[in-house]
**Q** 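Can you keep this structure in mind? I'll have questions shortly.
None of the values given here were measured: they were computed from a predicted structure.
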Amino acid sequence: MRDLDRRIVAIAVPAFAALVTEPLMLAVDTVVVGHLGTVPLAGLAVASTVLGTVVGLCIFLAYGTTATVARLHGAGDVAGARREGVSGVWLAIGLGTVLGGLLAVLARPLATALSSSTAVADAAFDYLVVSAAGVPAMLVVLAATGALRGSMDLRTPLVVAVLANLANAGLNVTLVYGFDLGITGAALGTVLAQWAAALWLGGVVLRGALRTGASVRPHGAGVLRAGLDGVPLLVRTATLRASLILATAVAAGLGDAALAAHQIAATVVTLLAFVLDSLAIAGQTLTGTSLGEGDAAGTRSVVGRLVAWGAGAGVAAAVLLAATAVVLPPLFTPDAQVQDALLPVLLVVAVIQPLSGVVFVLDGILIGAGDGRYLAWAGLAVLAVYAPLALLLGRTGLVGLWCAYGGFIAARLVVLYARQRGDRWMVLGVR
């Protein structure tokens, strides 16, 4: 168990550090653009929502590639693992090119639909139309990071993420203020940093393939297989995004103060999720490797230990949040009405965290096992339970809405725990 704990920590710690650095790129943009005025900042908020949705739905490029590469590594097929990693990168390039082109074409209507004024829409359009060029790079980073995680290389993605953030900060300040490019300069600086990270990580994946004699040319069958394997995870992610959108819509109907408090609570949950998601990444990697090795008993040991880690992390998050619930609201807002609405919500969120810890880990384990089809159907079932619950309890107020979120997490726990109790997901060897 000590050896297994060391392996979990060796994966989770750098994964957590890399996850934390990812939102810093947007944070730098926010700080730099914020000094340009309210209108550019509002435009950035609109643009980042669109970009976050596009890239968030493509997270399967990282998750799916991690699971596939880890399984092949566990089976001893290093060349096959490298080949699948390359296929994931080519899929990211193709998909990113299509999505980037669509984003450029739809930038104006999207900006207009989500903005509060013409001036804000113009600022959002300026940012989006430039950022569209960075979509392929963002997706390549996802796919390459997934491939490297699957081969137990957590250091390279971390180093690249840190250096890309430093480059982004320098480029943004230079282009926005030095060249007076405004919000367009912030977008351009971020795109350049993203492409630098994509070329670095993609190059590492390609060089690894060449060292094993694996082909680095795009093969239609491999790219198509990677795409089809990602469809169930895309559906699973879409159900999660739909639940977030529904919750925001219900909170908006409760008034401005409730919506502001809801946004802060969602931000806190996102920050706590970084810790839990790092354990999910450990679950993806270790489960895929163990199944590839054909080790059923070892896989069960990994599952049991990771569930314990998830529960422990959830309890720690609950204690931390409950202890700081009184002091957190004033840090986010001076509005007394928002503070009063936020405090009981944070306590509800604290109660939910131990369940969330187990849910994140089980989700990662089943992703690592390649059980995407079950996760897709389970996501749809959970959404069907959560939607009426959120609409019903949301009528009672913000606390009721977040209690519905607790029901959402509980429903996910039921379907995920029930699945891992059986053996149908535990397919040994190379599938």
Side-chain angles (χ1 to χ4, degrees), residues 15 17-33 40 43-63 65 85-86 88-104 106-107 110 124-149 155-176 178-179 181-206 274:
L19 288 169
V20 169
T21 60
E22 288 174 5
L24 290 180
M25 197 170 287
L26 177 59
V28 168
D29 282 8
T30 302
V31 171
V32 173
V33 173
L44 175 63
V46 172
S48 62
T49 299
V50 175
L51 285 170
T53 300
V54 171
V55 177
L57 288 174
C58 294
I59 194 66
F60 68 87
L61 288 168
Y63 290 172
T65 306
V86 171
V89 170
W90 280 115
L91 175 62
I93 292 172
L95 185 59
T97 301
V98 172
L99 292 177
L102 287 174
L103 182 59
L106 299 175
L110 286 172
F125 169 76
D126 290 341
Y127 194 93
L128 280 175
V129 76
V130 175
S131 296
V135 172
M138 287 187 275
L139 299 195
V140 167
V141 168
L142 287 178
T145 298
L148 294 173
R149 285 173 179 167
R155 180 179 178 276
T156 301
L158 174 59
V159 170
V160 173
V162 170
L163 293 180
N165 273 280
L166 293 175
N168 178 60
L171 287 167
N172 276 8
V173 171
T174 301
L175 294 173
V176 172
F179 288 86
L181 294 180
I183 192 172
T184 301
L188 180 59
T190 301
V191 167
L192 292 174
Q194 289 164 341
W195 270 110
L199 292 173
W200 188 343
L201 290 173
V204 171
V205 172
L206 294 178
F274 287 137

**Q** Is T190 close to S131 at the side-chain level, that is, under 4.5 Å between some pair of heavy atoms?
**A**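 Not touching, per the 4.5 Å side-chain cut-off.
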
**Q** Within the structure provided, determine whether T65 and F60 are in side-chain contact (heavy-atom separation under 4.5 Å).
**A**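 A side-chain contact is absent here, since even the closest heavy-atom pair is not under 4.5 Å.
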
**Q** When you look at L51 and V54, which way does the side chain to side chain contact (heavy atoms under 4.5 Å, CB included) test go after all the steps?
**A** CA-CA 5 Å; L51 285 170; V54 171; 5.7 Å; no

**Q** So, for C58 and L95, which heavy atoms are closest and what is the spacing to 0.1 Å?
**A** SG-CD2, 4.0 Å

**Q** Just how far is it from atom CG of L171 to atom CZ of F179, taken to the nearest 0.5 Å?
**A**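 One gets 10.0 Å once the value is rounded to the nearest 0.5 Å.
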
**Q** Measure the CD1-OG1 distance between I59 and T145 for me, rounded to the nearest 0.5 Å.
**A**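 Rounded to the nearest 0.5 Å, the CD1-OG1 separation comes to 9.0 Å.
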
**Q** Without swapping roles, check the side chain of W195 against the backbone of A133 for a donor-acceptor pair under 3.5 Å.
**A**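 Yes, W195 side chain to A133 backbone: donor-acceptor pair under 3.5 Å.
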
**Q** How about V135 and V55: do any of their side-chain heavy atoms sit closer than 4.5 Å?
**A**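 Not in contact.
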
**Q** Taking all non-hydrogen atoms of both residues into account, name the closest pair between A197 and A164 and its distance.
**A**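 Where A197 meets A164 most closely, the heavy atoms are CB-CB, 4.0 Å.
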
**Q** Please examine the side chains of L110 and L103, heavy atoms only from C-beta on, and report whether any two atoms are closer than 4.5 Å.
**A** yes

**Q** Using every non-hydrogen atom in the two residues, find where A143 and G88 come nearest and quote the distance to one decimal.
**A**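 In this case the closest contact between A143 and G88 is CB-O, 3.4 Å.
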
**Q** For residues 181-189, please give each side-chain donor-acceptor pair under 3.5 Å, one per line with the distance, not counting sequence neighbours.
**A**
none

**Q** Could you go through L61 and V89, starting from their C-alpha distance and side-chain angles, then the distance that decides it, and tell me whether this counts as side chain to side chain contact (heavy atoms under 4.5 Å, CB included)?
**A** CA-CA 8 Å; L61 288 168; V89 170; over 6 Å; no

**Q** Step by step, work out the side chain to side chain contact (heavy atoms under 4.5 Å, CB included) result for Y127 and V46.
**A** CA-CA 9 Å; Y127 194 93; V46 172; over 6 Å; no

**Q** Which pair of heavy atoms, one from V129 and one from A104, lies closest together, and at what distance?
**A** CG2-O, 4.5 Å

**Q** Should D126 and V130 count as side-chain neighbours, where that means a heavy-atom distance under 4.5 Å?
**A** no

**Q** For a quick test of reading the model, state the closest non-hydrogen atom pair linking V159 to W200 and the distance between them.
**A**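 That would be CG1-CH2, 4.1 Å.
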
**Q** Compare every heavy atom of L201 with every heavy atom of A144, then report the nearest pair and how far apart it is.
**A** CB-CB, 3.7 Å

**Q** Working to the nearest 0.5 angstrom, can you tell me the gap between L192 CG and T174 OG1?
**A** 11.0 Å

**Q** Is a side-chain N or O of N165 found less than 3.5 angstrom from the main chain of A161, in a donor-acceptor match?
**A**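 Confirmed, N165 side chain pairs with A161 backbone.
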
**Q** How about L148 and R155: do any of their side-chain heavy atoms sit closer than 4.5 Å?
**A** no

**Q** Just wondering, do V141 and P157 contact through their side chains at under 4.5 Å, heavy atoms?
**A**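 They are not in contact (no side-chain heavy atoms under 4.5 Å apart), so the answer is no.
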
**Q** For the residue pair L206 and V86, establish whether any side-chain heavy-atom pair is separated by less than 4.5 Å.
**A**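 L206 reaches V86 side chain to side chain.
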
